[in-house]
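Throughout, protein chains are lettered first and strands after them, A, B, ... in sequence-line order, and every chain is numbered starting at 1. On a predicted model such as this, the values are computed, not experimentally measured, just so you know.
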Number of protein chains: 2
Amino acid sequence: MEIIAEKKKAILESTLKLIKENGFHGTPMSMVAKRAGVAAGTIYHYFDSKDTLIMDLFAYTQQQVQEAVHKDLREGMDLKENFFLRWISRCQFYIQHPDVLFFIEQFVSSPYYPRCPADQNDRIQNDIKEFILLGHQHGILREVDHKLMSIMIHSSIMTAARVHLDGRVQLGDKEFQQLAQMIWDSIRKL
Amino acid sequence: MEIIAEKKKAILESTLKLIKENGFHGTPMSMVAKRAGVAAGTIYHYFDSKDTLIMDLFAYTQQQVQEAVHKDLREGMDLKENFFLRWISRCQFYIQHPDVLFFIEQFVSSPYYPRCPADQNDRIQNDIKEFILLGHQHGILREVDHKLMSIMIHSSIMTAARVHLDGRVQLGDKEFQQLAQMIWDSIRKL
DNA sequence: GCACACCGAATGAACGTTCAATAGACAGAA
DNA sequence: TTCTGTCTATTGAACGTTCATTCGGTGTGC
């Protein structure tokens with residue numbers, strides 16, 4: 001766990017916010033610099049280029065998500081509880097951090113994504129996958145490729161969070177439970 | 001149904017392909033012009049700006065998707081058959097037209113999307129929604145907001161197609177059936 | 001001779017990146 | 001303590017490129 005220099009962090013955070021507001025293109029380096037309270041040149045002290053800034057930002061957000069979800073986990077839960085907790089806390093994280101959600105969405109459907117190392121790609125779904133493997137061992141989940149399953153789950157989480165943030169549908173406790181139940185029913189053996 | 005001038009269509013199609021290859025930024029108007037076999041200025045005869053070109057392209061792809069799905073529909077299917085057919089044929093359309101999928105993905109997670117009229121936003125899920133309403137009337141589907149449900153369904157389709165195209169998981173007939181079944185089980189009353 | 005589709009070089013603004021210059025921190029030498 | 005040199009962090013004006021857009025002009029059909 002590397003300690004990130006204050007200015008470096010400021011740069012990452014401003015980029016995150018600006019990309020949410022203006023998209024990848026809409027955010028020139030000069031704007032990032034201004035928002036972060038540094039000079040344009042300073043960015044290049046920490047990052048080789050705009051591209052690597054964005055790639056690094058992806059790794060940075062990944063780490064944030066993972067930490068947030070792990071914080072909520074407890075011992076001694078059965079698989080279903082475990083699933084509900086993971087699904088809901090991840091969804092809530094995205095809702096509390098819209099900039100992270102928007103950035104990840106934009107990143108994964110951009111030409112940047114395929115360029116980053118496969119193991120990092122997958123880290124998004126890593127703890128989901130670990131959970132699925134367990135479920136398969138117990139014979140509770142359907143016999144579906146676990147990679148496919150984990151991606152489908154993660155996509156459902158992001159979609160739900162997105163819909164809520166867009167204001168298209170308000171998600172409260174009841175809806176979280178409903179959604180988690182829906183996805184749970186889609187992966188478990190009936 | 002407007003008849004689209006040949007050059008206009010060529011411009012739309014090249015933009016679609018180029019955006020798939022290079023993303024929104026990576027595709028300058030000059031490149032679009034070259035690929036479409038027209039002069040740069042010609043683009044501005046048909047479109048006010050790059051922005052409106054992209055917005056129009058969105059409407060254009062929407063229409064393509066809708067036509068493709070409707071072609072497959074037959075009369076006298078029960079709700080489950082209906083759902084399977086819609087889910088699978090839409091997924092297959094995206095797989096056969098990766099550029100459409102990539103463009104839509106990129107578009108909806110960009111600052112362009114919120115800028116287009118709400119009714120057009122929703123047309124993506126329009127026929128899905130119509131189906132859901134029917135299912136609700138028959139008491140077959142869960143009591144979940146139909147807007148939410150239709151978005152979740154559409155997202156599952158796009159995700160599946162995407163995973164297949166990325167080569168992360170090969171989808172054959174068996175997998176399509178499995179997936180449609182999963183999603184079906186997530187929306188129906190158990 | 002008017003209207004329309006089309007061309008493509010020219011324009012000007014925006015943007016990523018560079019770099020010479022400055023300031024500060026720190027270590028060792030005197 | 002003071003001086004000196006080195007290294008790093010930072011600055012922001014300047015550079016060169018790229019790119020969306022414009023516009024004067026050409027060709028074609030009516």
Side-chain angles (χ1 to χ4, degrees), chain A residues 2-60 102-103 106-107 110-113 115-116, chain B residues 1-60 99 102-103 106-107 110-113 115-116:
Chain A
E2 163 201 15
I3 288 159
I4 303 178
E6 204 176 324
K7 301 231 167 183
K8 185 171 179 179
K9 195 169 172 181
I11 293 166
L12 287 168
E13 294 286 350
S14 335
T15 310
L16 197 57
K17 268 164 203 122
L18 287 168
I19 285 181
K20 192 215 138 148
E21 289 162 25
N22 314 309
F24 274 164
H25 7 341
T27 71
M29 295 298 258
S30 55
M31 209 185 264
V32 172
K34 190 187 261 183
R35 178 84 153 243
V38 302
T42 306
I43 300 177
Y44 291 85
H45 180 70
Y46 294 105
F47 306 94
D48 286 344
S49 66
K50 190 179 184 181
D51 279 9
T52 69
L53 164 58
I54 287 174
M55 302 282 272
D56 286 4
L57 183 52
F58 182 60
Y60 176 75
F102 287 15
F103 172 74
Q106 222 168 127
F107 185 87
S110 81
Y112 289 113
Y113 185 52
R115 272 197 278 150
C116 69
Chain B
M1 184 82 61
E2 161 200 18
I3 287 159
I4 303 178
E6 205 177 325
K7 301 230 167 183
K8 185 171 181 182
K9 195 169 174 182
I11 292 166
L12 288 166
E13 294 286 349
S14 334
T15 310
L16 196 59
K17 269 163 202 122
L18 287 168
I19 285 181
K20 192 218 139 144
E21 288 162 26
N22 314 308
F24 273 166
H25 6 343
T27 71
M29 296 297 258
S30 55
M31 210 185 265
V32 172
K34 190 188 264 182
R35 179 83 152 244
V38 302
T42 305
I43 300 177
Y44 291 85
H45 180 69
Y46 293 106
F47 306 95
D48 285 345
S49 66
K50 191 180 183 180
D51 279 10
T52 67
L53 164 58
I54 287 174
M55 304 280 273
D56 286 4
L57 183 52
F58 182 60
Y60 175 75
D99 35 6
F102 288 15
F103 172 74
Q106 225 169 125
F107 185 87
S110 81
Y112 290 113
Y113 185 51
R115 271 196 278 149
C116 67

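Remark: P of dC19(C) and NE2 of His45(A) are 16 Å apart, rounded to the nearest angstrom. Taking atom NZ of residue Lys8(A) and atom C1' of nucleotide dT8(D), one finds them 15 Å apart after rounding to whole Å. Note: OH (Tyr44(B)) to P (dT21(D)) measures 4 Å, nearest angstrom. In this structure, Lys50(A) places its NZ atom 11 Å from C1' of dA14(C), rounding to the nearest Å. Following rounding to the nearest Å, Met31(B) (CE) and dC19(D) (P) show an atom-to-atom distance of 7 Å. Nucleotide dA14(C) holds its P atom 23 Å from the CZ atom of Phe24(A), rounded to whole Å. When rounded to the nearest whole Å, the span between CG of Leu18(B) and C1' of dC19(D) equals 15 Å. Between Phe47(B) atom CZ and dT22(D) atom P the separation is 15 Å, expressed in whole Å.
In this structure a side-chain-to-backbone donor-acceptor pair under 3.5 Å is missing from Thr42(A) to Val38(A).
An OP1 or OP2 oxygen of dC4(C) is reached within less than 4.0 angstrom by no side-chain nitrogen or oxygen of Lys7(B). Taking side-chain N and O atoms only, Thr42(A) has a distance below 4.0 Å to OP1 or OP2 of dT11(D). Proximity of Lys34(A) to the phosphate of dC15(C): no side-chain N or O atom is located under 4.0 Å from OP1 or OP2.
Between the side chains of Tyr112(A) and Gln106(A), no donor-acceptor pair is found at a separation under 3.5 Å.
Backbone-only contact: Tyr46(A) has heavy atoms under 4.0 Å from sugar-phosphate atoms and none from a base.
Between Phe47(A) and Met55(A), every side-chain heavy-atom pair lies at or beyond the 4.5 Å cut-off. In this structure the side chain of Tyr60(A) reaches within 4.5 angstrom of the side chain of Glu13(A), judged on heavy atoms.
When the nucleotides dT21(D), dC19(D), dC7(C) are ranked by their closest atom to the side chain of Pro28(B), dC19(D) comes out on top.
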